[in-house]
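Written below as structure tokens is the structure these notes are about.
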Amino acid sequence: MKLLLPLFCLLSPAFGPVSAQDKRLVDVVPVAEGADALLPCALGSGLSVDQFDWRKDSGGEEKEEVFFYDKGSYYGHGRSEQYQSQQFRGRVEFFKERLESGNASITIQNTRLEDNGTYTCVLFKPQRHEVNVRLNVVGDLIF
Ligand SMILES: *[C@@H]1O[C@H](CO)[C@@H](O)[C@H](O)[C@H]1NC(C)=O
Ligand SMILES: *[C@@H]1O[C@H](CO)[C@@H](O)[C@H](O)[C@H]1NC(C)=O
């Protein structure tokens, strides 16, 4: 078990994610290893989302499946976990009550150094929309 340092320095507004309105912008989310990370993905339109997918770039053309939601079903809840990368099983949460306002953000719990990297959120409806987020997992915060 790793000790966690307070996160106030990482969570101050100056380090917060920038607006996800513009999909060409890459949000950078810093998080201390072991803490939970919020990966933002929201439509500016406020239209409801009923299908979305999160993947992680793992170099080259390879993508790891992080999370998939389809009209109420998701991994471990009406959908087999076999397609979800083992790395993320049981560690991803979404915000059910936010979907109707077009918000498909997720949290990755208990972040690991191997989670560091670039993620893509794809919203399929009402129109396809992609958001890239860079998760920067910072280890060695223990002095
Ligand atoms: C999306 O939902 C998350 C989690 O509730 C929240 O932190 C974030 O501010 C929301 N984004 C927008 C654009 O409303
Ligand atoms: C995390 O990924 C970023 C690029 O997304 C890279 O610059 C950084 O060196 C990586 N950090 C670690 C600890 O691997």
Side-chain angles (χ1 to χ4, degrees), residues 1-79 81 84-143:
M1 246 326 198
K2 237 181 164 164
L3 281 174
L4 288 183
L5 268 199
L7 279 171
F8 51 83
C9 49
L10 289 174
L11 294 176
S12 79
F15 287 90
V18 292
S19 165
Q21 303 274 6
D22 186 339
K23 67 176 180 176
R24 286 161 303 178
L25 263 183
V26 177
D27 285 334
V28 179
V29 177
V31 68
E33 184 186 6
D36 297 349
L38 176 77
L39 303 189
C41 178
L43 284 173
S45 65
L47 290 169
S48 153
V49 169
D50 61 10
Q51 193 181 60
F52 66 89
D53 185 36
W54 276 92
R55 289 182 203 164
K56 180 179 189 288
D57 291 359
S58 45
E61 295 296 295
E62 295 293 301
K63 302 257 193 217
E64 283 172 79
E65 176 66 356
V66 176
F67 195 74
F68 182 66
Y69 176 92
D70 182 25
K71 300 179 196 75
S73 85
Y74 46 95
Y75 298 119
H77 190 275
R79 177 171 293 272
E81 283 178 314
Q84 184 180 30
S85 165
Q86 198 130 25
Q87 183 180 335
F88 297 103
R89 285 184 200 166
R91 292 202 295 133
V92 181
E93 302 245 296
F94 69 104
F95 302 92
K96 198 174 206 141
E97 70 286 356
R98 297 277 191 155
L99 294 180
E100 57 191 43
S101 58
N103 187 336
S105 302
I106 55 169
T107 48
I108 296 179
Q109 299 168 328
N110 191 16
T111 50
R112 309 167 181 170
L113 287 177
E114 62 184 342
D115 298 335
N116 190 62
T118 303
Y119 292 72
T120 304
C121 167
V122 183
L123 301 170
F124 295 97
K125 291 169 189 169
Q127 67 193 50
R128 196 184 157 90
H129 182 79
E130 267 187 43
V131 174
N132 292 313
V133 179
R134 210 156 70 203
L135 180 62
N136 206 348
V137 183
V138 184
D140 294 329
L141 282 180
I142 296 152
F143 296 91

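Counting convention: from 1, in listed order, for ligands and their atoms alike.
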(message) I need the nearest protein heavy-atom contact for atom 4 (C) of ligand 2: residue, atom name and distance, please.
(response) Arg134 CD, 4.2 Å
(message) Could you tell me if Ser101 and Asn103 have a donor-acceptor pair between their side chains, going purely by distance under 3.5 Å?
(response) no
(message) Within the 3.5 Å criterion, strictly below it, is a donor on Gln109 or Asp36 matched to an acceptor on the partner's side chain?
(response) no
(message) Can you confirm whether the side chains of Thr120 and Asn132 place a donor and an acceptor under 3.5 Å from each other?
(response) yes
(request) Could you check atom 3 (C) of ligand 2 against the protein and tell me its nearest heavy-atom contact, residue, atom and distance included? (result) Asn116 ND2, 3.6 Å
(message) Yes or no: does Pro40 have any heavy atom under 4.0 Å from an atom of ligand 1?
(response) no
(message) Keeping Glu93 on the side-chain end and Ile108 on the backbone end, is there a donor-acceptor pair under 3.5 Å?
(response) no
(message) Can you name the atoms of ligand 1, numbered from 1 with element, that are less than 4.0 Å from a heavy atom of Ser105?
(response) 1 (C)
(message) Tell me whether the rings of Phe67 and Phe94 are parallel (<30°), tilted (30 to 60°) or perpendicular (>60°).
(response) tilted
(request) Check each atom of ligand 1 against the heavy atoms of Asn103 and keep those under 4.0 Å away; list them by number with element. (result) 1 (C), 2 (O), 3 (C), 8 (C), 10 (C), 11 (N), 12 (C), 14 (O)
(message) Among all the protein's non-hydrogen atoms, which is closest to atom 13 (C) of ligand 1, and how far away is it?
(response) Ala42 CB, 3.8 Å
(message) Parallel, tilted or perpendicular: which one describes the rings of Phe124 and Phe68, with boundaries at 30° and 60°?
(response) perpendicular
(request) Look at atom 5 (O) of ligand 1 and say which protein heavy atom is nearest, naming residue and atom and giving the distance to 0.1 Å. (result) Arg98 NE, 3.2 Å
(message) So if I count the atoms of ligand 1 from 1 in the order they appear, which ones are less than 4.0 Å from some heavy atom of Leu38?
(response) 7 (O)
(message) I'd like to check atom 7 (O) of ligand 2 in this structure: does the protein have a heavy atom lying under 4.0 Å from it?
(response) no
(message) Strictly below 4.0 Å, N to O, side chains only: are Arg91 and Asp115 in salt-bridge contact?
(response) yes
